[in-house]
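Report on the structure given below.
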Amino acid sequence: MKSKDFLSISDLNSERIKTLITNAAAMKAEGWNTRLSQKILALLFELPSLRTRVSFEAGMRQLGGECIYLSPDEVKLGKRESVPDVARVLSRMVDVIALRTTSHESLEILANNADIPVINALSNVEHPCQALADMLTIYEHKETLEELTLAYIGDGNNTAHSLMLAAALCGVDFRIASPKNYRVDETILKTAQQYAADSQSTVLCTEDPKQAAANADVIYTDVWISMGQEAEKQQRLKAFAGYQINSQLMGLAKPDAILMHPLPAHHGEEVAENIIYSPQSVVFDQAENRLHAQKAVLVDILGGSEILLPDLR
Ligand code: CP
Ligand code: NVA
């Protein structure tokens, strides 16, 4: 990591992200160990979760460490107690914090006031742990990260931001098709374009899902209504009509293209009914890889023993 924290894919560089992906693959093969014995992770969640919570808890236990889950009602971050005070208190008791929040600003304040590392377990701006698991999943299925095109169809949201940055750092060509008012953040796009220039790959934004999907190796989508956006449901359903991943759109990608989604999925909205159960779908591999990718992050961030593995090619 460039800093003590993992708040964004931009906390990594091209070498670090590849090392983390390689280490995650090693973690998958390795199983249980004691690399993080006597370490405690606090999970501070202001939003619901299945994958992120369970993968952090199971991951910490598989590494010989402990986990404490703090639900939204327990801490009431910034309401019952200020974010800096929560950071100071937790820094005296645990070794690392993972925060899930709709306020990326709270995440940054927490990290700036904590003496211990803070991990982004999803914010309104990024979902970096998801992007690491996604790159591992692509690597496993394609056996390379070179000369690949990843097409993301849908909302320019937290998942899209982290995935775009990760693809650009890894040298994967990235295309994103979103409706006009739901494009990725311009500043994050510029950062991704710089990374892409360095890794000799490309980042393309379009409003046309067919242009994005054409001949792609990976078709990726996420929900149209993210956590915290429930009030915008009707307007979003209208805006995203035509952006659904269905067999017609999959037919434009390469015959061996894989279908990805971070889950939970809304069947009949961003994905056609049953398409995530088709042979091209790797969504449950992605879900499993959250566990392995986060174990690699935890070991990296807590300075666990060096993992020696072959380089990613
Ligand atoms: N993909 C993901 O982050 O899932 P959860 O919201 O269930 O943690
Ligand atoms: N974009 C989604 C991702 C969920 C894993 C959300 O923020 O709700």
Side-chain angles (χ1 to χ4, degrees), residues 6-9 24 41-60 67 69-72 97-107 119-138 152-166 176-179 181-185 188 218 220-233 235-237 239-240 243-245 259-267 269-271 276 281-298:
F6 183 43
L7 307 188
S8 163
I9 289 291
L41 164 68
L43 288 174
L44 195 49
F45 275 36
E46 300 195 289
L47 296 162
S49 170
L50 172 66
R51 280 144 290 271
T52 308
R53 176 179 174 183
V54 177
S55 52
F56 269 120
E57 290 210 17
M60 221 34 212
C67 217
Y69 174 73
L70 297 156
S71 72
I97 307 167
L99 171 63
R100 169 166 281 209
T101 176
T102 49
S103 164
H104 195 80
E105 201 191 343
S106 294
L107 192 62
I119 298 172
N120 181 353
L122 179 146
S123 75
N124 53 324
V125 178
E126 278 207 50
H127 197 3
C129 294
Q130 180 69 53
L132 279 184
D134 296 340
M135 297 316 289
L136 171 62
T137 309
I138 295 170
Y152 179 105
I153 318 288
D155 193 15
N157 61 12
N158 45 10
T159 301
H161 288 151
S162 292
L163 191 67
M164 175 171 71
L165 292 167
I176 177 162
S178 315
N181 296 326
Y182 298 94
R183 287 164 55 99
V184 284
D185 176 86
I188 300 176
V218 182
Y220 196 118
T221 193
D222 186 18
V223 291
W224 294 338
I225 301 131
S226 284
M227 291 181 276
Q229 298 173 337
E230 292 77 8
E232 300 168 32
K233 183 170 179 180
Q235 132 200 7
R236 283 178 166 268
L237 287 180
F240 285 98
Y243 286 80
Q244 187 189 68
I245 308 298
L259 167 62
M260 299 181 75
H261 189 308
L263 303 179
H266 293 168
H267 302 267
E269 291 184 16
E270 76 279 0
V271 277
I276 69 163
S281 168
V282 300
V283 302
F284 298 106
D285 293 340
Q286 261 180 283
E288 178 190 334
N289 282 338
R290 295 292 306 278
L291 171 67
H292 311 300
Q294 282 151 218
K295 283 169 73 177
V297 169
L298 288 164

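Whatever order the structure lists ligands and atoms in, that order sets their numbers, starting from 1. Because the structure is predicted, anything quoted here is derived from the model rather than measured. Side chains included, hydrogens not; waters and symmetry mates left out as well; all remaining heavy atoms used. In this chain, numbering begins with 1 at the start of the sequence shown.
Here atom 4 (C) of ligand 2 lies nearest to L122 when heavy atoms of N157, L122, L50, D155 are compared. Nearest residue to atom 6 (O) of ligand 1 from R51, H127, R100, Q286 is R100 (criterion: closest heavy atom).
Residue L122 places every heavy atom at 4.0 Å or more from ligand 1. Within the 4.0 Å heavy-atom shell around ligand 2 one does not find T52.
Figure legend: R53 and F45 shown without cation-pi pairing, the cationic atom not lying both under 6.0 angstrom from the six-membered ring centre and within 45 degrees of its axis.
In terms of polar-atom proximity, defined here as any N/O pair under 3.5 Å, L263 does make such a contact with ligand 1. Where the criterion is an N or O separation shorter than 3.5 Å, residue side chain and backbone included, M227 meets it with respect to ligand 2. Annotation: S226 places an N or O atom under 3.5 Å from an N or O atom of ligand 2; distance criterion only. Not one N or O of R53 is nearer than 3.5 Å to an N or O of ligand 1, by distance alone.
Between S162 and E126, the closest heavy-atom pair is OG-OE1, 2.7 Å.
Atom 3 (C) of ligand 2 has its closest protein heavy atom at D222 OD2, 3.6 Å. Considering only non-hydrogen protein atoms, atom 7 (O) of ligand 2 sits nearest to N158 ND2, 2.8 Å. Of the protein's heavy atoms, R290 NH1, 3.3 Å lies nearest to atom 2 (C) of ligand 1. Looking at atom 7 (O) of ligand 1, its nearest protein heavy atom turns out to be L50 N, 2.6 Å.
Side chain of R100 to main chain of L47: no donor-acceptor pair is present (N/O by atom type, distance under 3.5 Å, no hydrogens or angles). Counting only distance, with no hydrogens or angles, the side chain of R183 and the backbone of S178 share no donor-acceptor pair below 3.5 Å. Judged purely by atom type and a 3.5 angstrom limit, N158 has no side-chain atom pairing as donor or acceptor with the backbone of H127.
Under 3.5 Å, the side chains of E270 and T221 contain no donor-acceptor pair of N or O atoms.
Less than 4.0 angstrom separates some heavy atom of L263 from each of these atoms of ligand 2: 5 (C). Atoms of ligand 1 lying under 4.0 Å from at least one heavy atom of P262, given by number and element, are 1 (N).
D134 has its side chain out of reach of V218: every pair of non-hydrogen atoms, C-beta onward, lies at least 4.5 Å apart. Two residues are said to be in side-chain contact when any heavy atoms from C-beta on lie closer than 4.5 Å; D185 and V125 fail this criterion.
Using cut-offs of 30° and 60° for the angle between ring planes, the W224 and F240 rings count as parallel.
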